[in-house]
Amino acid sequence: MDTPVAAPPPRTEAEALAVQDRLRPLVDLAGPGPAAPATVAGLDVAYAESGDRLAAAVTVLDARTLAVVDQAVSVGRPAFPYVPGLFAFRELPALLAALELLTVRPELLVCDGHGLAHPRRFGLACHLGVVTGLPAIGVGKTPLVGRWEPPAGARGAWSPLCDGGEVVGRVLRTRDGVKPVFVSVGHRMGLGNACARVLALTPHYRLPETTRTADRLCRAALASRSGV
DNA sequence: GCGACAG
DNA sequence: ATCTTGTCGC
């Protein structure tokens, strides 16, 4: 079946840039997005030390209890070299394959990386959102672009992440006195709501439970050499 | 020209 | 991302 945003996998950086240029206008910034999604998905990828094999995992959590209600993994090869700004092309195919295996359609995607906080405003979270049509947000552990000041020390404190004269995300403290995370909109979500979702997903640790469960799943898949 | 640079 | 031990603190 045709996908409205189907794009041939790029083989060169120039082709990848062209794909981003074509898909970027499709990002929905209307927001505010679901304030009380029933299910939230976490996506993450783990690499073999050789770097030639990867496992992509998606875990779907009950947004209220944070219990895992569905999950899927796909093993494959990196689809593109790692290039800051073109990171999505590396993991996207495997992540989409894992999403296809789900039996539960999540209401929000929480991506391991950035959304609008990207040099061309089209990071992994935007890409995944546009391709799937689902609301999506990005939660990065380190910044890619932008200037920012450290937020106050208490959980919930935040400061704007600014780049090119615009606010592209927020630096959000999810735990008291612990290094903050970088939240940005991916698709069909507002920035304030995105941060509220992240805080709801971090009752115990710095990173969202969605990211943590997906991280464990793809690591386990690699360790068991699934797909071999 | 020199650094910076999601995972 | 991944390679890695101990160590400081609650």
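Note that this is a predicted model, so its numbers are computed, not measured. Here is the naming used below: chain letters follow the sequence lines, and residue numbers restart at 1 for every chain.
A continuous path of Ile, Leu, Val, Met, Phe, Trp and Tyr side chains, each step under 4.5 Å between heavy atoms, connects Leu92(A) with Tyr47(A), placing both in one hydrophobic cluster.
Rounding to the nearest 0.5 Å places CG of Leu86(A) at 12.0 Å from CG of Leu124(A). For the atom pair CG of Asp44(A) and OG1 of Thr211(A), the computed distance is 7.0 Å after rounding to the nearest 0.5 Å.
Ring-plane geometry between His127(A) and Phe122(A) is classed as tilted, the angle between the planes lying from 30 to 60 degrees on a 0 to 90 degree scale.
Within the nucleic acid shown, Pro143(A) comes within 4.0 Å of sugar-phosphate atoms alone, with no base atom in reach, counting heavy atoms only. Among the heavy atoms of the strands lying under 4.0 Å from Phe87(A) is at least one base atom, whether or not backbone atoms are also near. Using a 4.0 Å heavy-atom criterion, one finds that Gly51(A) contacts no nucleic acid atom at all. Here Leu86(A) lies in heavy-atom contact (under 4.0 Å) with a base. Counting non-hydrogen atoms under 4.0 angstrom, Ala46(A) reaches the backbone sugars and phosphates but no base. Using a 4.0 Å heavy-atom criterion, one finds that Leu54(A) contacts no nucleic acid atom at all.
Per the geometry, NE2 belonging to His118(A) stands 11 Å off C1' belonging to dC5(B), to the nearest Å. dT2(C) atom C1' lies 13 Å from atom CD of Glu91(A), rounded to whole Å. Rounded to whole Å, the distance from CZ on Arg53(A) to C1' on dA1(C) is 14 Å. Atom CG of Asp112(A) is separated from atom P of dA6(B) by 12 Å (rounded to the nearest Å). The nearest whole Å value for the distance from the NE2 atom in His127(A) to the P atom in dA6(B) is 19 Å. What separates CZ of Arg90(A) from C1' of dG7(B) is a distance of 8 Å, to the nearest Å. Regarding Phe80(A), its CZ atom lies at a distance of 15 Å from the C1' atom of dA6(B), rounded to whole Å. Remark: C1' of dG3(B) and CZ of Arg147(A) are 15 Å apart, rounded to the nearest angstrom.
The cationic group of Arg212(A) lies under 6.0 Å from the six-membered ring centre of Tyr205(A) and within 45° of the ring axis, placing it in a cation-pi geometry.
Taking 4.0 angstrom as the limit, Lys141(A) places none of its side-chain polar atoms (N or O) nearer than this to OP1 or OP2 of dA6(B). Proximity of Thr142(A) to the phosphate of dC5(B): no side-chain N or O atom is located under 4.0 Å from OP1 or OP2. Distances shown here put a side-chain N or O of Arg219(A) below 4.0 Å from the OP1 or OP2 atom of dT2(C). Side-chain N/O atoms of Tyr82(A) include one lying less than 4.0 angstrom from OP1 or OP2 on dA6(B).
Counting heavy atoms from C-beta on, the side chains of Thr39(A) and Leu108(A) never come closer than 4.5 Å.
Atom CZ of Arg11(A) has 12 or fewer heavy atoms from other residues, nucleotides or ligands within 6.0 Å.
Connectivity analysis of hydrophobic side chains (ILVMFWY, heavy atoms under 4.5 Å, direct or indirect) links Val168(A) to Trp148(A), Leu161(A), Val171(A), Phe182(A).
With a cut-off of 3.5 Å on both pairing distances, the Watson-Crick and G-U wobble pairs of DNA chain B never assemble into a stem of 3 or more.
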